[in-house]
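Read through the structure below, which is laid out as structure tokens, and then see the notes.
Letters A, B, ... mirror the listed sequences (proteins, then strands); counts begin at 1. Excluded from the calculations below are hydrogen atoms, water molecules and symmetry mates; all remaining heavy atoms, backbone and side chain alike, are included.
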Amino acid sequence: MYGTHGHTNDREEPGIDAAGRLPAWRGPAILLVDLDAFFASVEQLDHPGWRGKPVIVGGDPDKRGVVSTASYEARVFGVRSAMPSSQAARLCPDAIWTHGHYGRYREMSRKIMGILLDESPRIQQVSIDEAFLDVSPTAHVNEHPILIAQRIQKRVADLGVTCSIGLGTTKTIAKIASDMDKPQGLTIVYPGREKDFLSPLPIRTMSGVGPAAERALTSHGIRTLGELAAADEALLKHIFGKNAEVIMARANGGDLTPVADDDPVKSVSNETSFAEDLSSAEEVEAGIATMASKVGRRLRKKGMRGHTISLKLRFSDRSIRSVQKRLDEATDDDLLFTPLLYRMAREIWEPGIPVRLIGVGMAGFDDDEPTQDALFDVLQEAPSENDVKPIIEDDEKRSGLLAATDKVKDRFGDAAVKFGRELSMERRTTGSGSKNSSDYK
DNA sequence: TCTGGGGTCCTAGGACCC
DNA sequence: TCTGGGGTCCTAGGACCC
């Protein structure tokens with residue numbers, strides 16, 4: 001036991017000396033800090049009456065919702081992230097349900113990431129509730145990693161939520177270790193013990209091995225990370241393709257991928273599943289318009305314009321079809337690309353076929369800097385294959401209208417403004433604000 | 001009352017050019 | 001004449017992550 005906050009789970013005995021000093025840490029020291037049942041914990045922090053009770057953040061049980069995060073009290077009943085809400089409601093009939101408050105989670109997350117940044121500038125945020133930290137001793141800073149981890153746990157706890165931390169010499173090890181003891185655990189894998197720690201673990205424990213790879217590996221008798229590390233290279237190449245070498249290195253504790261800054265955003269998308277399938281052209285186009293306007297608004301907010309617009313439909317049998325089109329000019333204008341999306345829909349769908357989910361996305365930001373009059377150009381140029389009539393042809397009127405509706409939506413919410421074809425989709429969707437369930441497992 | 005949403009990356013095939 | 005191959009861009013689909 002090292003701290004007063006939470007407890008420390010030494011995977012291997014460190015051999016503390018007589019004075020109780022920590023043994024020197026040799027080599028890289030990577031932390032993975034994972035906020036415990038984050039969304040549910042914030043709800044319990046904000047609603048004192050919910051503390052100690054089962055709380056579920058997720059979509060409605062009767063509208064195809066799923067569980068985003070369950071508090072530990074709800075997990076006792078078997079409720080898990082990504083579980084259909086209807087099943088969760090059966091397992092835990094007395095749970096307190098909420099769709100979640102994402103602005104609030106983001107606010108808490110920002111505060112916590114601020115603490116982490118204060119502890120080490122070498123940080124990689126993985127998601128709203130998870131980050132890697134490089135706390136390797138350097139010439140300038142040589143505080144012991146365990147002490148840093150304990151201080152982080154205390155500082156986070158002071159904000160009213162808890163975190164679990166894994167400490168090891170690689171990101172893979174830190175990540176796996178952080179999962180072994182929750183909530184508020186600190187699991188340490190000492191330098192030199194990497195293989196002992198990893199080799200008995202099931203393959204699925206490791207990031208990068210999903211259901212498909214697990215199936216393939218198991219069929220070849222590979223069940224543990226030790227077996228994976230020793231597997232035939234040609235076989236791994238066949239299963240993981242280009243990733244085979246990285247996977248192998250991770251499995252044997254030798255993956256030295258550094259803690260890196262976050263990558264730039266490469267795509268922006270919105271999708272929604274409907275409580276009941278849509279099948280008429282009017283309904284589907286209304287759904288497309290609603291998703292397109294969400295994407296457009298987010299693009300404008302970020303100041304990004306993309307070249308590649310995509311449409312995804314999921315049908316009643318859960319199969320998925322998608323289409324994407326490369327645009328001649330980058331855009332952030334949904335009044336421009338919505339009619340194109342209607343046309344793309346007809347490439348993969350016919351009216352009458354029930355549609356369960358509609359997704360709209362934009363990508364292709366990496367090209368040239370968007371020019372101020374990209375919008376103007378796209379309308380003036382000779383018609384190309386992808387050209388369709390925008391909803392409002394005068395581009396100045398159109399962008400003025402978008403700016404005005406963005407403002408209203410900022411103040412009053414998305415539902416405040418709807419164009420003709422955007423029916424009120426809210427009542428029909430899963431009602432789940434659920435976005436991110438990072439406390440998967 | 002069965003199965004969400006927002007992302008990243010890889011692969012394989014076709015078009016097109018040289 | 002019956003047939004190559006590399007490079008690049010684009011697209012559809014799927015695996016995986018939180």
To the nearest Å, give me how far apart [atom1] ([X]) and [atom2] ([N]) are.
{"X": "A:Glu130", "N": "C:dC17", "atom1": "CD", "atom2": "C1'", "result": "9 Å"}
{"X": "A:Arg64", "N": "B:dG4", "atom1": "CZ", "atom2": "C1'", "result": "12 Å"}
{"X": "A:Lys312", "N": "C:dT11", "atom1": "NZ", "atom2": "P", "result": "18 Å"}
{"X": "A:Lys266", "N": "B:dG6", "atom1": "NZ", "atom2": "P", "result": "19 Å"}
{"X": "A:Gln124", "N": "C:dC18", "atom1": "CD", "atom2": "C1'", "result": "13 Å"}
{"X": "A:Gln125", "N": "B:dT8", "atom1": "CD", "atom2": "P", "result": "14 Å"}
{"X": "A:Glu271", "N": "B:dG6", "atom1": "CD", "atom2": "P", "result": "6 Å"}
{"X": "A:Trp97", "N": "B:dT1", "atom1": "CH2", "atom2": "C1'", "result": "12 Å"}

Open item on the list: Could you identify the nucleotide paired to B:dC18, looking across every strand shown and requiring Watson-Crick or G-U wobble geometry with both distances under 3.5 Å?
Closed with: C:dG5
Shortest side-chain distance from [X], nucleotide among [options]:
{"X": "A:Lys242", "options": "B:dT11, B:dT8, C:dA12", "result": "B:dT11"}
{"X": "A:Val323", "options": "C:dA12, B:dG4, B:dG5", "result": "C:dA12"}
{"X": "A:Ala212", "options": "C:dT11, C:dA15, B:dG6", "result": "C:dA15"}
{"X": "A:Pro84", "options": "C:dC17, B:dG4, B:dT3", "result": "B:dT3"}
{"X": "A:Pro211", "options": "C:dC18, C:dC16, B:dG4", "result": "C:dC16"}
{"X": "A:Ser322", "options": "C:dG13, B:dG6, B:dT1", "result": "C:dG13"}
{"X": "A:Ser207", "options": "C:dC17, B:dG4, B:dT1", "result": "C:dC17"}
{"X": "A:Ser273", "options": "B:dG5, C:dA12, B:dT3", "result": "B:dG5"}
{"X": "A:Arg90", "options": "B:dT1, C:dG13, B:dT8", "result": "B:dT1"}

Task: For B:dT1, glycosidic torsion class - syn if within 90° of 0, otherwise anti - done: syn
Task: P atoms of C:dT3 and B:dC17, separation to the nearest Å - done: 24 Å
Task: B:dG14 and C:dG4, which share atom name P, separated by this distance in whole Å - done: 16 Å
Does a salt bridge link [X] with [Y], judged by any charged N lying under 4.0 Å from a carboxylate O?
{"X": "A:Arg155", "Y": "A:Asp118", "value": "yes"}
{"X": "A:Asp334", "Y": "A:Arg398", "value": "no"}
{"X": "A:Glu107", "Y": "A:Arg110", "value": "no"}

Task: Earlier contact from the 5' end, DNA chain B, for A:Pro264 and A:Gly241 - done: A:Pro264
Open item on the list: Quick check: on DNA chain B, is the nucleotide nearest A:Asp263 upstream (toward 5') of the one nearest A:Arg314, or the reverse? Name the residue that is more 5'.
Closed with: A:Arg314
Under 4.0 Å from OP1 or OP2 of [N]: is there any side-chain N or O of [X] that close?
{"X": "A:Asn270", "N": "B:dG6", "value": "yes"}
{"X": "A:Ser267", "N": "B:dT8", "value": "yes"}
{"X": "A:Arg318", "N": "B:dG4", "value": "yes"}
{"X": "A:Lys175", "N": "C:dC18", "value": "yes"}

Open item on the list: Side chains of A:Glu43 and A:Tyr105: any donor to acceptor distance under 3.5 Å?
Closed with: yes
Open item on the list: Is it the case that the side chains of A:Lys171 and A:Gln124 hold a donor-acceptor pair, with the cut-off being a distance below 3.5 Å and no angle test?
Closed with: yes
Please classify the nucleic acid contact of [X] as base, sugar-phosphate, or nothing, using heavy-atom distances under 4.0 Å.
{"X": "A:Arg356", "value": "sugar-phosphate"}
{"X": "A:Ala213", "value": "sugar-phosphate"}
{"X": "A:Gly208", "value": "sugar-phosphate"}
{"X": "A:Met344", "value": "nothing"}
{"X": "A:Arg321", "value": "sugar-phosphate"}

Task: Flag side-chain contact, heavy atom, 4.5 Å: A:Gln153 against A:Cys163 - done: yes
- [ ] With sequence neighbours left out, write down each residue that passes side chain to side chain contact (heavy atoms under 4.5 Å, CB included) with A:Thr162, or none if nothing qualifies.
- [x] A:Asp36, A:Pro183, A:Gln184
